[in-house]
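Here the structure is a predicted model, which is why all the values come from computation and not from measurement. First the proteins, then the strands, lettered A, B, ... as listed; each starts at 1.
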Amino acid sequence: QSDRLLIKGGRIINDDHSFYADIYLEDGLIKQIGENLIVPGGVKTIEANGRMVIPGGIDVNTYLQKPYQGMTAVDDFYQGTKAALAGGTTMIIDHVLPEPGSSLLTSFEKWHEAADTKSCCDYSLHVDITSWYDGIREELEILVQDKGVNSFQVYMAYKDLYQMSDSQLYEAFTFLKSLGAVILVHAENGDLIAQEQKRILEMGITGPEGHALSRPEELEAEAVFRAITIASRINCPVYITKVMSKSAADIIALARKKGPLVFGEPITASLGTDGTHYWSKNWAKAAAFVTSPPLSPDPTTPDHLNSLLACGDLQVTGSGHCPYSTAQKAIGKDNFTMIPEGVNGIEERMTVVWDKAVATGKMDESQFVAVTSTNAAKIFNLYPRKGRIAVGSDADVVIWDPDKVKTITAKSHKSAVEYNIFEGMECHGAPLVVISQGKIVFEDGNLHVNKGMGRFIPRKPFPEYLYQRIKIRNKVVGGLQGVSRGMYDGPVYEIPATPKYATPAPSTKSSPAKNQPPPIRNLHQSNFSLSGAQIDDNNPRRTGHRIVAPPGGRSNITSLG
Amino acid sequence: SEPLLIKGGKVVNDDQSFYADVLVEDGLIKQVGEQLQVPVGTRMLDAYGQLVLPGGLDPHTRLWAPGMAPADDFQRGTEAALAGGTTMIIEHVLPEPGTALLDAYERWREAAASQACCDYALHLDIPRWHEGLTEELEALVKDKGVNSFLLFMAYKDKLQCSDAQMYEIFSALRDLGAVAQVHAENGDIIDEEQRRLLELGVTGPEGHVLSRPEEVEAEAVFRAVTIARQANCPLYVTKVMSKAAADVLARAKRKGAVVYGEPIAASLGTDGSHYWSKNWAKAAAFVTSPPISPDPTTPEHLSTLLACGDLQVTGSAHCAFTTAQKAVGKDNFTLIPEGTNGIEERMAIIWEKCVVSGKMDENDFVAVTSTNAAKIFNCYPRKGRVAIGSDADLVLWNPKATKIISAKTHNSNVEYNIFEGLECHGAPSVVISQGRVVLQDGSLSVTPGSGRFIPRKTFPDFVYKRIKARNRLAEVHGVPRGLYDGPVQDVVVAAKAAAPAPAARMVPCTSKIPAVPVRNLHQSGFSLSGSQADDHIVRRTAQKIMAPPGGRSNITSLS
């Protein structure tokens, strides 16, 4: 297969506009766009016949090597990226999930190595922060500066495992902001989930329906609200992964109207199906839907999320692809909390979004490109290398057939799992030809891939799309200043030192002005007393500190004004 | 005391107003109507042109504390209350962390018994979850007449509760039939913000409001509502200070949550721009938590929500400290003792902001200053209503009176009044507590220690009727399925995070049973081949794996 390709007669769709032109690809890059291109002889030509040519999809949320109790998901980087390419996705960003207590750097290297040898499409890595330990700051700095990672996920769920407290979130957000990173949040209230799980198990509910019952959508919405509050205090961008419910999406939409920089990522599963299947009589089928946050049992959810995606309140689509085989899921056959979490969706993502949002008239083709590829590229600082058809961009291109009708089924999908959560869904729109790094990797339903041909795409910090505004806002709100007042020179109440709680009768209240050993929280008794010598008596008082009545009010307490 | 006849006034309850005379005897309302038969020696009070209201009920005061006691104690505070038309208060008992709730309760009772001039009840604050708390709560609820408890979401490392603790406590309170109150602010964020501001060199009272922005209040309200809904427990948010927090409550109500919000005199009557005052003592006088919002449109917004029923109750959160006491934090705003005045001004401010402005009528006024609180905290109709048999706590309200609030004339001990200079149209002309006239012609005549403790029963109907019905509906059921009989992946015992190579993945379906790992609950009772623990039990035919209507329950054939 040659490294040179000419796509003739296609309609090029970018997120801003579309036009008819030919595209010439060489050395994995887009070299020319236009009509009547001058190309070398013997170049392989693809006739697009007026079909759409779109930038390859970017799947921002995959877990192709997620460990669970010593095993990993059935789709590894090889199997998973094959599925991605077959669905029109030419780049993935996988989550590195270190075991709590192990180092981020080591885990990153492990993932990097696994992906390098197996991945068939370009990839990048998010690193999940599963615990906030000493020395993590240095590691984060190395990851950002030398390793090409600019996005980190924190968890508000998984109590006693990955969960971080609000203080830790504040600290982590502050630090990640200073690095110019994108902060991803898994938003669910872990404390409440733990309580609900206990309650539901006690009631004797052990099946997958318990998963949805113990994680109602209010808990997701609550955590989203909290994450946004913390982020807006720090003035940092925040990106909510896996928006699964209407209430969580509404919180994001509401917050965006008030100004904070918030991004929301619904996934294939939440856009394409709902959580009623948790009540399926077939245990294996019900278990296949287990993911966190869970799919909402409200059947109107996909429609609502697609509408928000179309109007820009949600911006990016991922898949959260992390399938486990039925045998793996069956680890939790007697206890839903043990079911490994994750659903498929890497292959179906583009098709599902097309079918639910474009085929229904909610969004146009340009918006489709934006939510499946361009926005992700901008947020994660890959733009315009990825996410756009332009001269100089990577030759990751998909020829899309909007009329093709395909029924999703486990019998024909590329994943290794037995159940496809979209089983039987008839979808309009599918990729005809997929080109990755300038090579045709998918044509006529056949994949032509080599294990390990995917490259690691490093990403720089401070993506303009997010941080331009943040930098300006820093300047605007940064100048927190106190009020300059004269010195307070009135009397100060002395706190009676309550002796370590020994039933103090009301009479033990001591009179003020008696000097006592300072109680714990009193910071100033050391240098101030009502009568007699003060510790700074030897310092001549500076005239500038003299108590005066400045314009705008007296600064002196002695006369009440 | 002598019988009392209030003649010619307009009786105002929360549902209707009517002209009638009211006869008061033995501390109770004996008759309401026209041309009443009165006993000999009845004292007459002319109420012509005035409104006869149920006395105000202030559901939030802090008049006493061990350690640094507020400047207004039970006597001073209740005098101020009566002077403003409030005839009952509910005081918060704040036990020091680590002490028993019951002990604290007894100490507050003792302090109030000798000092209180009006009837009172007590809320208990729960400073921390500890072993045996449930028993203490039960004792307080069953024997001590307390039916409301406050949790703190702020004051990190001191009073703050975690989400899990809140859930536990809410569940316990729901079972007891008590009202759960929260102080809603995100303590973790505040702690970080305080540190940041102090590092920036901001030490004055403006740091207090900068470190506690209103989003932080709204966040906590949102979380509290979520937790309360999960626990199916009614929720009462004390001190609603900001628009954002009030909006969260209003929205939660729309979604069906049983929530109540209590704005206070300070949030309804003034705003937080004074934190930037050049006068330190004045700025410090406004320090309370959550802070008074610097947004000057806040009082307007809150009184609108109060008028439309999205907020229901008004308190004062009266906890006054003198300037000398506040000055403990003169170099560090986090040390300024928190609390503002308001017990005396509450009724007049609400009248001025809500009734004079046309937002609510006199009946709504009675509802938000007295009746709703009496209903929520279960002292209705003893308090909160002018009706035969109710306590004779009455106020003759003169809507034509004009009064300017000032520290020079108020009954509190503090030097600064945060409402200084506010002109109020409408004031109490006569206040009657327990059937005795305690305020007339501007002069108070009170007896310290005359206030009685009003015990309150659990399960207030106003709050719990809905909760009970929802409890019955809330039961969830599992899906009856056949036994899962497919293969199960063996769990590898990860050697304590020692870089498990990808090759370590095990082949599924091996029958080897490795050593039981910590979290695996079922390998003990299940193996794919060979004997099982329950082989000796005859399998019931009904458990046979079959294909029931509605889908196969059998995994072996994938459908």
Tell me, side chain or backbone of [X] under 4.5 Å from chain A's heavy atoms, or both, or neither?
| X | result |
| --- | --- |
| B/Tyr275 | backbone |
| B/Glu420 | neither |
| B/Lys326 | neither |
| B/Val248 | side chain |
| B/Arg251 | side chain |
| B/Ala283 | side chain |
| B/Pro205 | both |

Can you say whether the rings of B/Phe222 and A/Phe225 are parallel (under 30°), tilted (30 to 60°) or perpendicular (over 60°)? parallel

Looking at CH2 of A/Trp111 and CD of A/Gln65, how far apart are the two atoms once the value is rounded to the nearest 0.5 Å? 5.5 Å

Between B/His208 and B/Thr334, does a side chain to side chain contact (heavy atoms under 4.5 Å, CB included) hold up when you go through it step by step? CA-CA 7 Å; B/His208 180 73; B/Thr334 65; over 6 Å; no

In terms of heavy-atom proximity below 4.5 Å to chain B, should [X] be classed as side chain, backbone, both, or neither?
| X | result |
| --- | --- |
| A/Lys411 | neither |
| A/Thr206 | neither |
| A/Ile228 | neither |
| A/Ser107 | neither |
| A/Leu192 | side chain |

A/Glu217 side-chain N/O to A/Ser247 backbone N/O, donor-acceptor pair under 3.5 Å: yes

Backbone N or O of B/Asp157 within a donor-acceptor pair of the B/Gln160 side chain at under 3.5 Å? no

With the threshold set at 4.0 Å, does a side-chain nitrogen-carboxylate oxygen contact exist between B/Glu192 and B/Arg196? no

If you define the side chain from C-beta out and look only at heavy atoms, does anything of A/Leu161 sit under 4.5 Å from A/Pro100? yes

Using a cut-off of under 4.5 Å on heavy-atom pairs, state which of A/Gly190, A/Gly101, A/Pro208 scores highest against chain B. A/Pro208

